[in-house]
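Let me begin by presenting the structure, written as structure tokens, before commenting on it.
Note that the structure is a prediction, hence the values are computed from the model and not measured.
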Amino acid sequence: MFNCLIFAFSAINTAEARDFSEMVMQALDAQAQDFEPRRRSTKVREAYNQLPMEFTSEDVMQVLGLKNITSAGNACRRWVADGIVAAPQDRKYKKIKKQLTL
């Protein structure tokens, strides 16, 4: 098998190999730019999209229809860990991404 790979690589000329490596690098760069850390359920995504650019845990509790503030705080902490919300200042979180998409 290794001999087959050596033959295949030797059959490719240098210009084709360079073009191929450039295509691979461009594809990896494009993929990195489109990276979204974690997929959330439709309910959570829609709730996030409804929130203003600055919000509190109480706002999250209301939008998600939660009964306690701890659950809302957990959702906010997950968003901070995922990098879509900035850590709270004066009890207010700030969105980094305006909208979450699929």
Side-chain angles (χ1 to χ4, degrees):
M1 170 123 170
F2 184 70
N3 291 336
C4 293
L5 290 174
I6 292 173
F7 175 75
F9 284 123
S10 64
I12 298 174
N13 72 33
T14 307
E16 289 174 340
R18 191 173 337 113
D19 291 343
F20 179 74
S21 65
E22 287 177 17
M23 286 181 1
V24 169
M25 293 305 292
Q26 288 173 355
L28 290 174
D29 288 343
Q31 186 179 24
Q33 290 175 354
D34 294 338
F35 177 71
E36 210 167 288
R38 206 169 160 188
R39 290 207 168 188
R40 298 283 178 213
S41 70
T42 303
K43 176 183 175 183
V44 173
R45 186 173 48 250
E46 288 174 355
Y48 179 89
N49 293 342
Q50 290 175 11
L51 289 167
M53 286 304 287
E54 287 190 3
F55 60 91
T56 63
S57 296
E58 290 83 7
D59 297 330
V60 174
M61 189 171 82
Q62 183 179 14
V63 171
L64 282 171
L66 301 172
K67 296 193 189 281
N68 66 46
I69 197 71
T70 304
S71 298
N74 290 338
C76 293
R77 279 189 286 282
R78 283 194 301 268
W79 291 339
V80 169
D82 289 346
I84 58 174
V85 168
Q89 294 180 353
D90 297 326
R91 295 186 52 221
K92 288 202 174 229
Y93 293 89
K94 185 173 182 177
K95 286 183 176 182
I96 294 172
K97 293 187 105 182
K98 276 188 166 182
Q99 301 281 314
L100 291 183
T101 58
L102 296 175

Tell me the closest heavy-atom pair linking Tyr48 and Lys98, and the distance in Å.
CE2-O, 3.9 Å
Tell me the closest heavy-atom pair linking Val60 and Cys76, and the distance in Å.
CG2-SG, 3.6 Å
Under the side chain to side chain contact (heavy atoms under 4.5 Å, CB included) test, which residues partner Ala86, sequence neighbours left out?
Lys94, Ile96
Is the centre of the Trp79 ring less than 6.0 Å from the centre of the Tyr93 ring?
no
Taking every heavy atom of Asn49 against every heavy atom of Leu100, the minimum-distance pair comes out as OD1-N, 2.7 Å
Do any pairs count as a side chain to side chain donor-acceptor pair (under 3.5 Å) and have a residue in residues 57-71, sequence neighbours left out, and if so which ones?
Thr56-Glu58, Thr56-Asp59, Glu58-Arg91, Asn68-Ser71
Looking at every non-hydrogen atom in both residues, tell me the closest pair between Lys95 and Pro52 and how far apart they are.
CE-O, 3.6 Å
Determine the minimum heavy-atom distance between Leu66 and Ala72, stating which atoms define it.
CD1-N, 3.6 Å
Report the distance from atom CD of Glu54 to atom CD of Gln89, rounding to the nearest 0.5 Å.
8.5 Å
If you round to the nearest 0.5 Å, how far is NZ of Lys97 from CD of Gln99?
10.5 Å
